Amino acid sequence: MSPPGEAAVGSEGPKILRKATPDTLSIGCIAQVIKDGQHRRAEILSIKETKSGRQFYCNFDNFNKRLDEWVPVARIDFEKDVEWPNPDKDKQKEEKKSKKTAAAISKKQQTSKKNQKRVSKREQSIASEDQTPHPWTEFVDSQQQPQQKSKKGDAAEDRAIASLEVGGTPGVGPDEMEIDEDDTPANVAKKDSLTPFSREQEIEKLRTSGSMTQNPAEISRIRNISQVEFGRYVLFPWYFSPYPEVFAQEDSIYICEFCLSYYADLKSFARHRQKCTLHHPPGNEIYRDDFVSFFEIDGRRQRTWCRNLCLLSKMFLDHKTLYYDVDPFLFYVMATRDDKGCHLIGYFSKEKESTDGYNVACILTLPQYQRKGYGRLLIQFSYELSKIEGKLGSPEKPLSDLGLLSYRQYWSEMIIDLLLKYGEREEPCTIEGIATHLAMTTQDVEHTLQALKMQVYHKGEHKIVIPEKLVSQREKSRAKQKRLIDPERIQWKPPVFTASSRTWAW
Amino acid sequence: MVGGGGETGPIAVGARGVPKSAKNGAGRVGRGNNRELFFCVCGARPGILLGAALGKWRMHTHTGRARLLSARPVGGFPGILPSSPPYAAMATRKVRYKKLNPKTVLPVFREDQIDPSEYESLTNEAQIATGVEQAEENEYHLQAVLQSAGVAADKEIPVPPPQESSLNYDEFYSQKVSKTATYIRFSQTVEECIGCMYDMTEEDVVFLKSYNQKQPASSKLSEDDFEKIMEVYEETAFIKTPFASIDQTVASYDEMLQGLQELNSANTMNHAKEIYEYWKSRRQALGNKPLHPTLKFETHAESDDMDPYVCFRRREVRQTRKTRARDVQSADKLKRLRKELDDGRQLVLAAHNRELLKYEMLKMDRQIFELRASLKEQKVRLNIKTDDEDLINQKPQKRKAPEAPAVQRPPPPAQLRMPGRPDARPTEHDLSQLADRLAEKENELRLDIEKKVQNHGEWNRNYVDLTRGPLSPVHGPRQDPNFRPAKTQYLMTPPASASSSVSLDEPVPMELDKPENPQPVVRFRGVAQDEESRANPPSYRRRIGRLNRLWIDRRGLVSPPRETSADMSDRWKYDQSSDDEDDMPVYEVDPFETRALKFRASIPPPLWLTNRAIPNPRAVMPPNQHQQPHPIPQPPIPPPQTQAQQAVARAPTQVKPTS
């Protein structure tokens, strides 16, 4: 169960605004916290006592979770009002637990704490639809177990309150781009009954397809590992990772750079290092140049290693799930070589068989290697593999913010290079042609063209225009670019998995 | 335009992927090229278009729900304007877009090749699908970078920075490796690369130090051995007491022994017991959980689902077709292989044991020999002259050894019970002769068969065995499969028209497909009319002959009796194929046939006959009443009429044709 607390900063609904003291400030409150010298709204997700005093785990408004942090009392502005979680909620919960049906109006006021999705809460501008009372809403509600209480149902209801003085007046307000389904008024009432179903669907999806992403609401929102000793570096995790629970109490954990085994005890780690003979990712090298090597690792064969890798990468990937095992994945690991062995730089995982045509499931460059162009190599490598397979590939969604930027960067560079070639020869092109040439999906090509404002519609005709700005930028970046994957050096054949090998690992 | 009315509203979000969506008023209107057009109609106020979106939908892999990753108004939906700023700009656009097909040929221009103002006004400003989780799309830092895209590349999303470690890297990573010339190929697992899976903790170090202080210098326990012992305990506990942390069972020391013995080190065994006590106390202190922190795997408890710490659940095996024969076969093969390998292993182990025993025996023999040798020496020295019998292996001992198997040779079962015979008959009597054995066996066999026959008779008493003649009687000759019996039925005439249906003798409608109520079927049997043809109905075969001629062969047709018409019967009577003169054919002639009579009557009588008759007609034949049986010898006087009649009377006559 995710820890209690308001799902997101900026939750709507009538707020109780009141001053707070360090002692009264509680989980779920939204306070003004100083972050980088500025006041920011921040939701208190957890509270702990340290020797130096009480600390609060804050999630800042519209900041990525990786910037969440423990803040001392001094950084919280108690001069300003604090938004308190709606006190009605708990009462409502009680009522629900005892299966009493509450009045519809009061029910709408409640917010399900744990299940509320941040998605819907980030937006303050949302409004919602009418609240046509459905006689059976209460019934459905009363049937619900509190845990199963819909996230979205309540979210939508809250929004209704936010935008309308009195719930119950039919009204169509401007909706945000809320893509979570069910937001049509007719659906509002049904949400509760639908949600458990969709959760099952979600699990089913995880189970049957190889997806490695998961709804973040499911996962604990509080980072559990504070510090990781990894090779020559100390890493500060960004997100929760399901390492053994006791690790949460450690100041630092130790991870072997080669086998990725994890230790809370320094002596154990030292002993392990004496015994561990691994000095490269435990798979076949499929690419080598002067700079990096790529290894291909089968999640089924190297279960322990791949699990360890996933645990490690989960600390830096928010939307990765470790819900299911690593068997249906191949891991392509990029490493840099020196006299100690091959040091992990980053990796991407890939479903052995992707029903959605993804060529990447999760992709990560370890923080100590970020911003050095390695991500681009990983991305390029994934597309080189797709080229060998003769498929068009796309990364599995959702992308992280950093992932989006990396991919956009790669896509735009590749497309601009290609278009410049077309432009020089004054050759027309098609989106499909670009896609095939780059092993990208046509959607990705189209989106990139649009994002770069290169696709123009004029006089009933679509055109592609290459802005000068982008050309000069590309020239600059090419000058900076040192490393590229040399497709000639890839020694790889698409692995073939028979049904029985997938089922029985024969 | 979907829904018409021109009403603009918010981007309504349909619920693709949620089965009930259609009922709720959301539906898919059109589709093409990965973009789908959705419309939603408010259930409460039917008919009013809440919104329409033409945008990019994508099924979320992790939620199974549809998500609108971007809503990009494309031609025809100018009014769809969410309130967020990117869309506000589009409010002015009146251009109708033609849909862009990926196959459309697009001309490529540099920016300087087109009119800048045109470009400015026409670039598609719609928000593009980012693929980022909706909740994070608007995050401050991401938006900052996205908005500066193409403007400045220096904006970055801040992340917690990594640091250099304060640990001495070379201390922990001391091994150096040399670079391989070729690409590395490697398939060992982590476990295989580590060796001992137990790693000492600080606490263990403290314990071991104090423990070793108590030990004599010669038998200190090394860290490696300590870890090996602990590994055995942990592993055995994991196997023997998988639910240790729940039911608090502790694997006993005895259970550990096997694992310890496999370590094969005498030194460790000496310490094992004390280490066990330490291990046990450590386990107990941790709530009987493994000493190394472990991941939380699924326990199939209700709480699993929401526990973020539970990870790496087993995926349900993809439902493949049920038990493919091939898979089962392979599984069996593998099982057999495993068993055989195991047998082989057992064999090797047994052989190893045997050799060990032999070695022991040899050692013993040697000792005995040496003792005897020394005894002999002693005897010589002390001048004891006795039998040396005890110095050699006793003969009877040796004799017994070969005898034993003879006795143990499998005797007939009856004799097994009599180990020793009280009467001291020679052993030869005990030995059974081959002939006896064979006879006995045969006898047994016969008895068995007889018994079975008897049993069979017993079981079948009061039953009539219809299966003795397993073939049902064959009716008539076998049908040639190509010939099918022709069964003809009169089809009922269709009922008369409604107006005439009043009539009582209305024909019964066809009820061929109601066998339980068989209609009197009139059999049309073609030409055959007699009863016996029923058993052998006429049958027909159709075949296609040369030149595609269609043949209908028939069989079993009883041809009608031939019509014996007068002018047909003897049509060929006088045809003769052979020129054989000697064998003149003989023709039967009916002497009383009228035609023949006529013919003969027309023939004039021979002269001699007429001459004689004329002079004395009375003499030859008395008038009227005179009946003569043989008229020919007598010269006939009667008129030619009577003469002819007489000739006929002599019939049948053999007439020789004149050639």
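Proteins come first, then strands; the chains are lettered A, B, ... in the order of their sequence lines, and each starts at number 1. Please read these numbers as outputs of a predicted model, since none were measured by experiment.
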Pick from [options] with the largest number of heavy-atom pairs that fall under 4.5 Å of chain B:
| options | result |
| --- | --- |
| A/L405, A/L402, A/L419 | A/L405 |
| A/R337, A/E432, A/R303 | A/E432 |
| A/E245, A/H272, A/H279, A/Q368 | A/E245 |

Contact origin within [X] toward chain A - heavy atom pairs under 4.5 Å:
| X | result |
| --- | --- |
| B/Q175 | both |
| B/V190 | both |
| B/K179 | side chain |
| B/E192 | side chain |
| B/E227 | side chain |
| B/Y198 | backbone |
| B/Y169 | side chain |
| B/K176 | both |
| B/D204 | neither |
| B/T189 | both |
| B/P158 | both |
| B/E223 | both |

According to the interplanar angle, ranging from 0 to 90°, do the rings of A/F269 and A/Y254 count as parallel (below 30°), tilted (30 to 60°) or perpendicular (above 60°)?
-> parallel

What orientation do A/Y262 and A/F247 show, parallel under 30°, tilted 30 to 60°, or perpendicular over 60°?
-> perpendicular

[X] versus chain B, heavy atoms under 4.5 Å apart: side chain, backbone, both or neither?
| X | value |
| --- | --- |
| A/E257 | both |
| A/S477 | neither |
| A/R66 | both |
| A/L366 | neither |
| A/L278 | both |
| A/V445 | neither |
| A/L67 | side chain |

Please round to the nearest 0.5 Å and tell me the distance separating atom NE2 of B/H292 and atom CG of B/L286.
-> 11.5 Å

List the steps, then state whether side chain to side chain donor-acceptor pair (under 3.5 Å) holds for A/N64 with B/E139.
-> CA-CA 7 Å; A/N64 192 282; B/E139 276 174 357; 3.1 Å; yes

Qualifying residue for side chain to side chain donor-acceptor pair (under 3.5 Å) with B/T180, from A/R288, A/H280, A/E285 = A/R288

Taking only Lys NZ, Arg NE, NH1 and NH2, and the carboxylate oxygens of Asp or Glu, determine whether B/D224 and A/K275 approach each other closer than 4.0 Å.
-> no

Look at B/T201, B/L142, B/T182 and state which one has the largest set of heavy-atom pairs under 4.5 Å with chain A.
-> B/T201

Apply side chain to side chain donor-acceptor pair (under 3.5 Å) to the pair B/D199 and A/Y263, showing each step before the final yes or no.
-> CA-CA 9 Å; B/D199 298 302; A/Y263 296 90; 2.9 Å; yes

Please indicate whether B/F186 has more than 12 foreign heavy atoms, meaning atoms of other residues, nucleotides or ligands, lying under 6.0 Å from its CZ.
-> yes

Please confirm whether A/R273 makes a cation-pi placement over B/F172, using NZ or CZ under 6.0 Å from the six-membered ring centre and within 45° of the ring normal.
-> no

